[in-house]
Structure formats: structure tokens, C-alpha cells
Amino acid sequence: MKSRETIVGGNWKMNTTLAGAPVLAEGVARAVPGGVSVAVFPPFPFLLPVRDALARAGAAGRVALGAQDAYFEPKGAFTGEVSLDMLRECGVTLVLAGHSERRHVLGESDELVGRKASAILAAGMRCVLCIGETLAERESGRTQGVNERQLRAGLRGVGPSNAERLVIAYEPVWAIGTGKAATPTDAREAHGHIRSVLGELLGGTAAERTPIMYGGSVTAANAASLMAQPDVDGALVGGASLKVDEFSAICAAAAG
Ligand code: 13P
């Protein structure tokens, strides 16, 4: 049993429907085991129906409601963006910052991700800072360098005092949605390095306490071997989080 919190998140990305999202949430709420923190990250328009479905299933405190993104400004002329106060009003308690698709499809910079991470923590919410290298970066031996750069920029406004609500998700870009997960050895090496950089940036106590999730083609079949690695403290799950049985089996693997 690990001393750190184990956390599994279902990132639904731009999937589900108004009718299907609450059904999925209720299914998850009924199926997930204890002994692991669980969160779901529905698309913005489905946050409220999912919140209500979790409450109906008696899981309001047990399955946390997450948002896939947020803007760092509190309000104003930012067409299309969503503020942290708005998300809080919808019952959101944790927010992703810098998901690979935000960085590589939507063009978010390290600096923007850092501003978002600081704002999420300052708003009193949990921040899941996502980092990870592309295939080209891995093949040219830059995995550690990229992770370190993204951590330094992402945590610029974070120190030992607000790191309490921080979670890191290591999601190698080449493993996301490809069916080609990192091997347990790849994950162990990357997570060990990430924890040592966290130690430099935040101090040893905060680094030891911060959960580091792995994401990228996690399934019920590979979850246990990934999460058996010493610094792998859970999973951020995309495709497999859309199926109740698969997602709850991953949660059960994380619970040990
Ligand atoms: P997949 O599990 O579909 O590879 O997606 C991972 C991910 O991006 C979770 O945030």
C-alpha cells in the first residue's frame, strides 16, 4: 500500500451526449470501489447533469467532478472561455491544466499552462498539471528535458504552500489514444525523474506527497502493472473511461 493518495481520473474529452453523460456518471458512481480517489472530467455543457447524477447515486463526495480546462482570468471579455468561479459554482473541485491536446492541438504554451495552474490552485481547487513528451522528443533522447521544462513552467507560481492541492499527470503524447501505453519501466523512469524535479522545485515533503498519475492508453489489462511502479500513483484515462466496466476495473487495480 502506498503512503500517497492514489487517484484515477476519467477524461471524457469531447465525447458523450447530454443524455449519455449522466448515465455514464451514475454507472461509474455505482461501480467504483473504495480505497482510491476517483474523478470524472465531462465536457463543460454536461457538468451540471453529471453533478446531479453523482448526487442521485449518492456519490457526490466520493466521485469528484473535474473540468478539462479553465481560463486564468476571473471574468471579462474572453469569448469562449470559462472561469474558475463558474466551474466552482457547477460543483467542480479539480481542473486539468496543459493536457496534451490543449498543448499540441490547440497550441497552448508552457507559459499559459503555468498561469492556468497557478490560478486553479489560487482558486482553492485541485490542479492536475499534465506533462509529457512527443514521440520525436522521446526518440531524440529529450524525454526528461521536456518533462522538466514543462514542470518548471507549469509550476512557476507554485510553492510548498499551495502545492497541497497539486497533482501531476505524466501523459506521453505518443501513448495517448494509440493503444501503445508506456511500459512499466518507461513509466517508472519518467515518474522517478518527475518526482526528483518536484523535490527541487517544491521541496522534499511536497514532492513526496504529490500524486503522479500516468496517462496514455491505460486499460483494465495494463493498469495493475503500471500502478505497481513505485512513483505511479494512479491513472488519467481517456478512451477506457467511457466504459463503466473498464473504468471501474482500472479503479479497482489502483485500489490494489
Ligand atoms: P487514452 O486513455 O484514450 O489514451 O487518453 C489518455 C488521456 O489523454 C487522458 O487524459
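Ligands are counted one by one from 1 in listed order, and the atoms in each one are counted from 1 as well.
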- [ ] For ligand 1, note which part of A175 has a heavy atom under 4.0 Å away: side chain, backbone, both or neither.
- [x] backbone

- [ ] Record the part of I176 in heavy-atom contact with ligand 1 below 4.0 Å; permitted values are side chain, backbone, both and neither.
- [x] both

- [ ] Considering only non-hydrogen protein atoms, determine which one is nearest to atom 3 (O) of ligand 1 and report residue, atom name and distance to 0.1 Å.
- [x] G239 N, 2.8 Å

- [ ] For atom 5 (O) of ligand 1, find the nearest protein heavy atom and state the residue, atom name and distance (0.1 Å precision).
- [x] K13 NZ, 3.2 Å

Does the N or O separation between [X] and ligand 1 drop below 3.5 Å for any pair?
{"X": "G177", "value": "yes"}
{"X": "G238", "value": "yes"}
{"X": "E171", "value": "yes"}

Open item on the list: Assess whether a salt bridge exists between D110 and R149, defined as any Lys/Arg side-chain N lying under 4.0 Å from an Asp/Glu carboxylate O.
Closed with: yes

Find the distance between [atom1] ([X]) and [atom2] ([Y]) and round it off to the nearest 0.5 Å.
{"X": "E171", "Y": "N11", "atom1": "CD", "atom2": "CG", "answer": "7.0 Å"}
{"X": "R51", "Y": "T93", "atom1": "CZ", "atom2": "OG1", "answer": "12.5 Å"}
{"X": "I168", "Y": "L166", "atom1": "CD1", "atom2": "CG", "answer": "4.0 Å"}
{"X": "F72", "Y": "I120", "atom1": "CZ", "atom2": "CD1", "answer": "11.5 Å"}
{"X": "C90", "Y": "L47", "atom1": "SG", "atom2": "CG", "answer": "5.5 Å"}

Task: Ligand-side contact atoms (ligand 1) for residue partner G216, heavy atom cut-off under 4.0 Å - done: 4 (O), 6 (C)

Task: Proximal ligand 1 atoms for N11, defined as those under 4.0 Å from one of its heavy atoms - done: 9 (C), 10 (O)

Open item on the list: Measuring from non-hydrogen atoms of S217 to any atom of ligand 1, is the shortest distance under 4.0 Å?
Closed with: yes

Task: Residue of the set R152, Q144, Q150 for which side chain to side chain donor-acceptor pair (under 3.5 Å) holds with E148 - done: R152

